[in-house]
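One structure below.
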2 protein chains.
Amino acid sequence: MHPKHKVMNVVINKKYQDIFGTAKDLFWKYGIKRVSIEEICKEANVSKMTFYKFFPNKIELAKTIIDDLVDSSLERLNEIIHSDKSFSEKLKALFLMKLEGMNNISMEFIKDIHINQGTGLKEHMDKLQAKAISLIVEFYKDSQKKGYIRKEVKIDFILAYSAQIIKLMEDEHLLSQYEQPQDLVIESMNLLFYGIVTGNE
Amino acid sequence: MHPKHKVMNVVINKKYQDIFGTAKDLFWKYGIKRVSIEEICKEANVSKMTFYKFFPNKIELAKTIIDDLVDSSLERLNEIIHSDKSFSEKLKALFLMKLEGMNNISMEFIKDIHINQGTGLKEHMDKLQAKAISLIVEFYKDSQKKGYIRKEVKIDFILAYSAQIIKLMEDEHLLSQYEQPQDLVIESMNLLFYGIVTGNE
DNA sequence: TATTAACAAACGATAATCGTATATATTTTA
DNA sequence: TAAAATATATACGATTATCGTTTGTTAATA
């Protein structure tokens with residue numbers, strides 16, 4: 001038996017997946033601190049012993065779940081950046097991804113990540129977040145070099161700018177002015193495009 | 001000072017409202033058992049002493065909140081029944097009210113009400129629920145007497161029948177068959193109308 | 001001044017949760 | 001089948017959270 005089989009078993013293991021899945025669901029709804037290990041086990045039909053076979057404690061389980069969430073986000077990010085789409089199409093895709101990424105990690109989850117200080121949870125999250133940002137920065141720099149973005153524009157400005165626009169989406173009053181939420185998305189996107197792109201691609 | 005002033009003060013009191021409001025929000029999201037008294041106080045910017053001035057414990061606070069939720073439901077129910085709308089319009093309004101009533105008390109809240117056995121929470125809820133049902137039953141009986149509902153139809157059947165139809169709305173697969181969720185609502189409503197009404201009103 | 005209301009801090013009592021240990025059942029493997 | 005590995009239920013002591021109360025203080029009000 002290769003040791004690799006052992007590793008495979010841990011990841012693919014049914015019980016592991018049960019714990020992982022139900023914990024993800026519960027953390028999603030209630031945050032980390034409101035969910036107990038015993039509750040996770042009961043909900044996943046798994047004994048507490050089995051839990052401690054896979055995870056040393058609740059925080060490490062949370063880290064693993066966050067890893068998974070962020071990993072799949074990074075994967076999609078890479079897919080978009082290295083696709084054969086045009087620049088503005090990529091920009092649009094990145095924009096939409098960030099938009100729906102708001103739902104990708106629930107508010108309760110986020111809150112608890114910041115509350116649980118001293119556990120290294122926030123630092124862990126920040127490290128992963130940094131990867132995503134550097135990926136996007138590289139993409140913008142490359143796009144600027146290729147002439148898709150005006151030379152004078154600072155990359156940091158684009159980041160801050162698009163972050164602000166994303167925040168617009170949370171404005172209930174503004175949202176109510178549009179027949180469909182997508183109309184606001186389109187309007188914001190147009191603003192982003194005609195604001196920073198040169199037109200030649 | 002009349003004793004009435006005292007009573008008024010308790011209900012209108014700012015602190016009371018703060019506790020009541022934040023507790024309602026928290027119970028809504030997380031259910032009763034996941035929320036602590038101390039958390040409510042902290043969130044409402046109120047000392048624990050003030051809490052116990054108004055409520056003996058968490059369960060009684062929950063009961064008060066449930067009372068408020070159900071009271072406003074009963075009020076709307078009465079408004080609909082005693083309005084000058086036509087029978088089918090009333091039926092439609094009752095149907096829609098029950099439908100959105102699903103959101104009126106959150107799942108987490110409901111769950112905890114049933115879990116907290118021995119606290120009288122469920123019994124309290126059931127008693128209030130019974131009022132609503134008797135109101136609706138009276139409305140149906142009256143409507144049958146007036147000839148809006150066929151004589152052979154049993155009232156209990158109508159109740160069970162409409163409950164079943166409401167449950168249809170929870171069927172994700174069925175819901176996906178319609179372009180808009182409202183289309184399923186309309187279809188269900190038509191079925192209800194042409195199934196039990198006589199046509200003359 | 002006396003009274004009232006609200007507060008923070010601390011308290012003991014109780015209950016929940018954690019992480020571990022043990023003994024039993026089930027499944028895998030030799 | 002027998003031995004070994006794995007999963008489970010249960011129970012345990014230790015820790016932590018929560019409850020409801022008590023105490024002493026502050027600020028506003030009558």
Side-chain angles (χ1 to χ4, degrees), chain A residues 1-23 26-27 30-64 108 111-112 115-121, chain B residues 1-23 26-27 30-64 108 111-112 115-121:
Chain A
M1 311 280 143
H2 287 98
K4 217 172 189 183
H5 276 138
K6 187 78 178 179
V7 174
M8 285 278 285
N9 279 340
V10 173
V11 179
I12 299 181
N13 188 292
K14 168 82 159 57
K15 300 280 175 189
Y16 179 96
Q17 293 294 347
D18 286 347
I19 295 170
F20 188 93
T22 56
L26 288 171
F27 288 164
Y30 307 116
I32 298 168
K33 76 163 191 292
R34 291 187 146 88
V35 178
S36 72
I37 292 176
E38 257 144 13
E39 189 187 2
I40 296 169
C41 293
K42 203 177 168 187
E43 189 75 18
N45 291 317
V46 153
S47 89
K48 207 157 46 154
M49 286 306 301
T50 315
F51 178 94
Y52 284 105
K53 195 138 281 178
F54 293 123
F55 307 98
N57 54 50
K58 203 166 65 172
I59 297 295
E60 287 307 312
L61 167 60
K63 280 185 188 170
T64 312
E108 309 315 321
K111 241 190 260 172
D112 275 11
I115 286 171
N116 281 301
Q117 283 171 351
T119 58
L121 206 58
Chain B
M1 312 272 143
H2 288 97
K4 218 173 191 185
H5 276 140
K6 189 80 180 173
V7 175
M8 284 278 285
N9 280 340
V10 172
V11 178
I12 298 181
N13 188 293
K14 168 82 161 52
K15 300 281 175 188
Y16 179 97
Q17 292 295 345
D18 287 348
I19 295 170
F20 188 93
T22 55
L26 288 171
F27 288 163
Y30 307 116
I32 298 169
K33 76 162 192 292
R34 292 185 143 90
V35 178
S36 71
I37 292 176
E38 257 145 14
E39 189 187 1
I40 295 169
C41 293
K42 203 176 167 187
E43 190 75 17
N45 291 316
V46 152
S47 90
K48 209 158 44 153
M49 284 306 303
T50 315
F51 178 93
Y52 283 106
K53 195 139 281 177
F54 293 122
F55 308 98
N57 55 50
K58 202 166 67 173
I59 297 297
E60 288 306 313
L61 168 59
K63 279 184 187 170
T64 312
E108 308 315 321
K111 239 190 262 172
D112 274 10
I115 285 171
N116 281 303
Q117 284 170 350
T119 59
L121 206 57

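The chains referred to below are lettered A, B, ... by the order of the sequence lines, with proteins before strands, and numbering in each begins at 1.
- Taking every heavy atom of both residues into account, I32(A) and A62(A) meet most closely at CD1-CB, 3.8 Å.
- Side chain of K15(B) to main chain of F54(B): no donor-acceptor pair is present (N/O by atom type, distance under 3.5 Å, no hydrogens or angles).
- When all heavy atoms of F51(B) and V46(B) are compared, the closest pair comes out as N-CG1, 4.2 Å.
- For I59(B) and dC19(D), the CD1 to P distance is 10 Å, given to the nearest whole Å.
- R34(B) has its CZ atom 17 Å from the P atom of dA17(D), to the nearest Å.
- Counting to the nearest Å, the P atom of dT16(D) and the CD1 atom of I37(A) are 14 Å from each other.
- dG20(D) atom P lies 11 Å from atom CG of L61(B), rounded to whole Å.
- Atoms NZ (K58(B)) and C1' (dT18(D)) sit 9 Å apart, rounded to a whole Å.
- Between E39(B) and K42(B) there is no salt bridge, since no side-chain N of the basic residue sits under 4.0 Å from a carboxylate O of the acidic one.
- Counting all heavy atoms, side chain and backbone alike, S47(B) lies closest to C41(B) at O-SG, 4.0 Å.
- When all heavy atoms are compared, the tightest approach of A44(B) to D18(B) is CB-O, 3.7 Å.
- Ring orientation note: the planes of F20(B) and Y16(B) are close to parallel, at an angle under 30° on the 30°/60° scale.
- At whole-Å resolution of the value, CZ in F55(B) and P in dT21(D) are 15 Å apart.
- The shortest heavy-atom contact between R34(A) and L26(B) is NH2-CD2, 4.4 Å.
- The bend of the helix from dT1(C)-dA30(D) to dA30(C)-dT1(D), defined by the angle between the axes of its first five and last five pairs, stands at 20° to the nearest 10°.
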Filtered N/O pairs between nucleotides 8-12 of chain D and protein, under 3.5 Å:
residue : atom : partner : partner atom : Å
dT8(D)  : OP1  : K15(A)  : NZ           : 2.5
dT8(D)  : OP2  : T50(A)  : OG1          : 2.4

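- Not one N or O on the side chain of K48(B) forms a donor-acceptor pair closer than 3.5 Å with the backbone of I37(B).
- Atom CZ of F51(B) is separated from atom P of dA9(C) by 20 Å (rounded to the nearest Å).
- One can place OH of Y52(A) at 12 Å from P of dA21(C), the figure rounded to the nearest angstrom.
- Residue N57(B) has no polar side-chain atom (N or O) positioned under 4.0 Å from OP1 or OP2 of dT14(C).
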